[in-house]
Amino acid sequence: ARKQLAALHYGQNQLAQASDLLQQGLILYPQEVDFALLLARVQQASEQPSLALVTLTHIPDTHPLARQKWMAQSDIAQKSGSFRWQNKLIGSYYNKNLYRLNGGWDWLMRLIRSNNLPSTPSLSHSTRP
């Protein structure tokens, strides 16, 4: 019921009310991490990208919503130009071998396409003995 009411508030651009309902839901039902995903979307719409990134940390990397979490984090980091978050996400991606998950490459490719990754030396410039 909270999610539906929050959706109604969101649809009427009453972002503060939607945020309050979702925060209460996350506090009352911490195991239902979809509240965190929805709350992060409301926070992003409220132009609070840093808060949205923090909210997404409530979703464990092993949860079925983890892929949506990573996509949201990537999107927010790219739009806000947060290189610290992008680097953290890339490190997390490699450290946890997330590339093995189905569709995980899509997430990494979004980061690469953003052109905000550190440049790597080109193989064409290497010298051979």
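Bear in mind that the values here come from a model prediction, so they are computed numbers and not experimental data. In what follows, every heavy atom counts, from backbone to side chain, and hydrogens, waters and symmetry copies are set aside.
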- Flag side-chain contact, heavy atom, 4.5 Å: Q23 against F35: no
- By side-chain contact (heavy atoms from CB on, under 4.5 Å), which residues pair with P60, not counting sequence neighbours? V33, T62, H63
- Message: Just verifying a value: how many Å separate L26 CG and L21 CG, rounded to the nearest 0.5 Å?
- Response: 12.5 Å
- Smallest separation among heavy atoms of A36 and L56, with atom names: O-CD2, 4.5 Å
Side-chain donor-acceptor distances from residues 4-16 under 3.5 Å, at least two apart:
| from | atom 1 | to | atom 2 | distance (Å) |
| --- | --- | --- | --- | --- |
| H9 | ND1 | Q14 | OE1 | 2.6 |

- What distance separates I76 CD1 from Q48 CD, expressed to the nearest 0.5 Å? 11.0 Å
- Item | Which residues share a side-chain hydrogen bond (donor to acceptor under 3.5 Å, both in side chains) with Q17, sequence neighbours left out | none
- Can you check side chain to side chain contact (heavy atoms under 4.5 Å, CB included) on W70 and D61, steps first, answer last? CA-CA 9 Å; W70 301 321; D61 289 340; 3.2 Å; yes
- Item | I27-L22 co-clustered via ILVMFWY side chain contacts under 4.5 Å | no
- Task: Please report the closest heavy-atom contact between L37 and Q68, naming both atoms and the distance.
- Result: CD2-OE1, 2.9 Å
- Item | Pairs touching residues 17-35 that satisfy salt bridge (charged side-chain N to carboxylate O under 4.0 Å, His left out), sequence neighbours left out | K3-E32, K3-D34
Please output the side-chain donor-acceptor pairs of residues 38-47 that fall under 3.5 Å, not counting sequence neighbours, one pair per line with the distance.
| from | atom 1 | to | atom 2 | distance (Å) |
| --- | --- | --- | --- | --- |
| Q43 | OE1 | T55 | OG1 | 2.7 |
| Q43 | NE2 | T55 | OG1 | 3.3 |
| S46 | OG | V42 | O | 2.9 |

